[in-house]
2 protein chains.
Amino acid sequence: MERYVSKVNITRVLRTIYLTQGLSRVEIARILDINKSTVSKIVSFLEELGIVETAAVGEAGPTGGRRPLHLRIRPDWGCVMGLEIQTEAFTVVGVNLQGEVFFSHTEPLDLRTISLVDAFIAIVDRFRPSLENTGMPVLGIGVGLPGFVDPLRGVLCASMPFEHYEEINFVREARERLGIRVPVLVDNDANCGCWGELAFRHSSRPSNFIFVLGEHRKHTIAMDNHRIMALGVGLVLNGQVHHGETFSAGEFRSILYKRQQVNQFSITDEQAKLFLQDPRVDELIVDELARHISFLVNMLNLRKVVIGGPVEVLAEQIEEAVRKYTRINWAYPRQVEFEMEVSRLGERAVAYGAAGMYLERLIRIPSVETDREATAPCGIDLLPQMGQDQLVRR
Amino acid sequence: MERYVSKVNITRVLRTIYLTQGLSRVEIARILDINKSTVSKIVSFLEELGIVETAAVGEAGPTGGRRPLHLRIRPDWGCVMGLEIQTEAFTVVGVNLQGEVFFSHTEPLDLRTISLVDAFIAIVDRFRPSLENTGMPVLGIGVGLPGFVDPLRGVLCASMPFEHYEEINFVREARERLGIRVPVLVDNDANCGCWGELAFRHSSRPSNFIFVLGEHRKHTIAMDNHRIMALGVGLVLNGQVHHGETFSAGEFRSILYKRQQVNQFSITDEQAKLFLQDPRVDELIVDELARHISFLVNMLNLRKVVIGGPVEVLAEQIEEAVRKYTRINWAYPRQVEFEMEVSRLGERAVAYGAAGMYLERLIRIPSVETDREATAPCGIDLLPQMGQDQLVRR
DNA sequence: TTCTTTTAGTTGCGATATGCAACCAACCAT
DNA sequence: ATGGTTGGTTGCATATCGCAACTAAAAGAA
């Protein structure tokens with residue numbers, strides 16, 4: 001059998017199976033509008049690779065005919081390490097290819113005593129055995145960081161919590177010092193929340209939504225006993241995570257913000273310290289936050305808003321206020337529908353989403369854009385054993 | 001010479017030449033990362049078609065070598081009709097393939113006496129000869145309308161100014177009744193402003209910006225002597241015009257809006273009527289508008305803001321205020337840079353941009369997305385003489 | 001049972017798209 | 001002139017995909 005398949009279509013088929021487990025070859029051919037023989041060839045390639053398997057033999061239709069073979073991704077073919085690093089703590093999760101968390105750990109961390117990259121290396125070296133003793137190799141590592149991140153170059157451009165305003169080429173430094181040769185992907189923490197929603201919500205994959213990450217943390221490393229409300233937004237628009245022109249998209253400050261304050265709202269910093277302790281403060285924040293979320297929901301015509309981080313405890317109040325303001329702020333007779341939900345994994349949402357970022361990259365179609373801009377590797381190129389040769393000729 | 005070329009790469013080459021006039025074959029091959037022989041074949045195809053020509057013979061480099069042949073789109077190969085239809089007036093423009101306006105006309109229109117589609121047909125039939133007597137065939141027609149538009153299906157979903165809240169399948173009705181068989185594209189008026197910036201700003205093609213269309217018009221058809229400020233926003237994010245989940249993106253209302261008003265700000269409707277007449281009202285509007293624009297600039301990390309429509313007269317004040325609020329609303333030490341500019345064509349910006357929408361579609365790479373969703377035709381499929389056969393075998 | 005019809009999946013082959021290498025064309029510097 | 005260099009073209013090898021014919025396995029009817 002001397003047949004050939006292209007990377008683009010291999011990735012298209014892999015993506016389709018990932019997004020809708022249980023499809024048959026013929027169904028994939030119909031969805032992608034390519035010939036079933038082509039799908040057949042690609043599927044047998046992916047089966048030989050081991051990442052795809054026949055899940056079950058389906059039932060024939062009412063008019064007879066051969067029974068279809070339902071395909072799926074092998075959940076145990078490999079796993080992904082997801083990581084959130086904050087100023088005070090870090091979280092590691094291990095996720096299989098089905099999006100199931102099989103390992104999870106959170107621990108304090110003091111970034112005043114160790115550099116970011118050192119911390120990363122230590123964490124990976126320490127927890128990789130825990131993930132791999134399941135028999136699954138670690139296919140990639142995703143990292144969520146507070147601050148502005150260029151995920152294409154793998155660079156942390158600036159971070160207020162880390163008090164670092166020079167570029168750190170995180171991915172390059174990390175890969176140089178890492179024992180293993182696996183892809184390392186970085187993005188902003190709130191954006192990682194978005195990646196999680198994209199990667200693990202197979203059925204109803206949303207194209208326009210925001211992830212509101214409200215944390216209660218030190219504003220900078222140096223602020224010892226000064227925990228305040230810190231709010232970041234991750235945006236998914238047209239199905240793509242939006243980073244903006246210089247990777248600072250999602251940075252939030254209220255329209256009513258007053259100068260000389262550290263917090264992002266129109267309240268004083270003294271009030272802000274009482275967040276989650278004084279209901280009156282919470283109410284002010286909820287109202288002001290809801291006005292801005294409503295503006296974004298209407299202006300960007302979003303389908304849903306996901307709330308993540310410790311603010312989750314205020315989710316009900318936030319939803320009520322957002323629904324009020326979206327109505328007030330809408331001129332047309334028919335209200336636009338949208339959903340509000342709470343991120344399922346709570347404290348682990350960012351680390352979990354960071355792992356999802358790798359999976360999303362794995363099933364991303366290699367771009368055919370105008371210029372071969374510095375587009376990061378994606379699709380099956382991300383798989384470790386994919387040397388240039390094995391791939392094409394088989 | 002029995003060679004073959006694919007639609008995707010034909011469109012990629014056409015797009016590259018369009019975006020950067022004067023490239024040579026070798027340069028295109030380098031940019032697109034395809035073999036120069038492939039480019040050669042595609043270029044000779046496009047030359048036979050007539051849409052591409054050799055503009056000039058370049059100079060050899062300092063180390064010698066054959067002189068490159070600079071390619072360009074033939075500006076007179078065809079033209080595009082751009083149309084803006086409002087409640088009180090319409091504007092037609094004729095644009096050649098270089099983006100030069102060679103025809104322009106504005107006239108009052110009373111949509112109480114004629115239906116939208118009827119008006120469209122009448123306008124096209126009346127002005128097509130004016131465009132075609134230049135010898136250029138009309139390749140396509142772009143239309144900008146106030147309201148929510150689904151450009152993929154060509155449907156006007158709802159329009160407050162037109163007082164129409166049922167779907168109108170504009171493109172289908174128009175094409176059925178139109179004498180000629182040319183593509184008709186529709187989009188929201190503010191979005192058309194964006195299309196214009198994309199299509200005719202070849203050198204520095206922006207990927208993240210908004211077009212603020214501020215008009216001074218009747219709020220609905222029925223409002224006889226009641227002209228107020230009407231503001232719409234078109235958004236381009238990640239290089240794509242953003243329509244949102246249900247095509248209502250860009251609809252603006254202030255966060256401080258008070259109930260029971262028709263205008264979009266926190267002022268009373270009585271005040272709003274004095275827009276552009278009472279400087280105190282203008283100042284209130286400018287300040288409130290600038291706060292929201294600044295929020296978007298920071299939150300979406302935009303590179304520029306374009307002001308279009310009659311608000312242009314306030315552009316300087318708006319810029320000053322926006323610069324003030326983006327600074328106030330920014331926590332990081334280094335300010336993010338962005339530009340503010342006034343749309344060049346003033347009153348004709350929407351009609352002009354509507355024409356640009358066709359050109360953008362013409363140079364859009366056929367998508368290789370997951371499913372063959374109802375993706376509108378694009379690339380060279382838009383050209384009239386492109387029967388299925390002529391294209392591939394030559 | 002046996003035959004026909006229907007659908008899923010496989011295989012060989014031909015059609016087609018692209019890269020490769022060798023070529024020609026036209027320029028520079030000696 | 002001569003050699004080195006770059007742009008563009010051509011013939012051919014190779015890579016990719018669709019088509020049609022095939023096998024496999026089911027339902028239903030005779």
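To find a chain, count down the sequence lines: A is the first, B the second, and so on, and within it residues start at 1. The model shown is predicted, which means the values in this text are computed figures rather than measured ones.
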Per-pair distances, 0.1 Å, donor-acceptor, side chain in residues 355-366 of chain B, under 3.5 Å, sequence neighbours excluded:
unit_1	atom_1	unit_2	atom_2	d
E360(B)	OE1	R205(B)	NH2	2.8
E360(B)	OE2	R205(B)	NH1	3.0
R361(B)	NH1	P377(B)	O	3.3

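- Spacing between atom NZ of K36(B) and atom P of dC24(C) amounts to 14 Å, rounded to whole angstrom units.
- Evaluation of the side-chain contact (heavy atoms from CB on, under 4.5 Å) rule for T20(A) yields L23(A) as partners, not counting sequence neighbours.
- You'll find that the side chain of R25(B) is closest to dT9(D), out of dT9(D), dG18(D), dT18(C).
- One atom, CD1 of I34(A), and another, P of dG9(C), lie 14 Å apart when rounded to the nearest Å.
- For R67(B), counting side-chain heavy atoms from C-beta on, the closest listed nucleotide (dC27(C), dC20(C), dG8(D)) is dC27(C).
- Atom C1' of nucleotide dT16(D) and atom CG of L32(A) are separated by 16 Å, given to the nearest angstrom.
- Shown here are the side-chain contact (heavy atoms from CB on, under 4.5 Å) partners of E245(B), two or more places apart in sequence or in another chain: S207(A), N208(A), N301(A), R303(A).
- Contact annotation: R66(A) does not reach the phosphate of dA27(D) (side-chain N/O to OP1 or OP2, under 4.0 Å).
- Comparing L69(B) and G65(B) by the nucleotide of DNA chain D that holds the closest heavy atom to each, the one mapping nearer the 5' end is G65(B).
- Across the protein-nucleic acid pair, E47(B) atom CD and dT9(D) atom C1' stand 13 Å apart, rounded to whole Å.
- Nearest nucleotide to the S37(B) side chain, out of dG11(D), dG18(D), dA8(C): dG11(D).
- Across the protein-nucleic acid pair, I28(A) atom CD1 and dG9(C) atom P stand 9 Å apart, rounded to whole Å.
- Separating the CD1 atom of I42(A) from the P atom of dC17(D) is a distance of 6 Å, rounded to the nearest angstrom.
- Rounded to whole Å, the distance from CZ on F45(B) to C1' on dA17(C) is 14 Å.
- The number of heavy-atom neighbours closer than 6.0 Å to CZ of R172(B), taken from other residues, nucleotides and ligands shown, is 12 or below.
- An OP1 or OP2 oxygen of dT16(D) is reached within less than 4.0 angstrom by no side-chain nitrogen or oxygen of N9(A).
- Looking only at side-chain heavy atoms (C-beta outward), R25(A) and L69(A) come within less than 4.5 Å of each other.
- Here dT16(D) presents its P atom at 15 Å from CZ of R12(A), a figure rounded to the nearest Å.
- Qualifying side-chain contact (heavy atoms from CB on, under 4.5 Å) partners for E100(B), counting only residues two or more places apart in sequence or in other chains: N96(B), Q98(B).
- The phosphate of dG19(C) (OP1 or OP2) has a side-chain N or O of T38(B) nearer than 4.0 angstrom.
- Within residues 54-63 of chain A, the residues having any heavy atom under 4.0 Å from DNA chain C are, by residue number, T63(A).
- The side chain of N35(A) places an N or O atom within less than 4.0 Å of a non-bridging phosphate oxygen (OP1 or OP2) of dC19(D).
- With hydrogens and angles left out, the side chain of K41(A) and the base of dG18(D) share a donor-acceptor pair within 3.5 Å.
- Screening residues 48-75 of chain B for ring-ring contact (aromatic ring centres under 6.0 Å, His included) gives no qualifying pairs among residues at least two apart or on separate chains.
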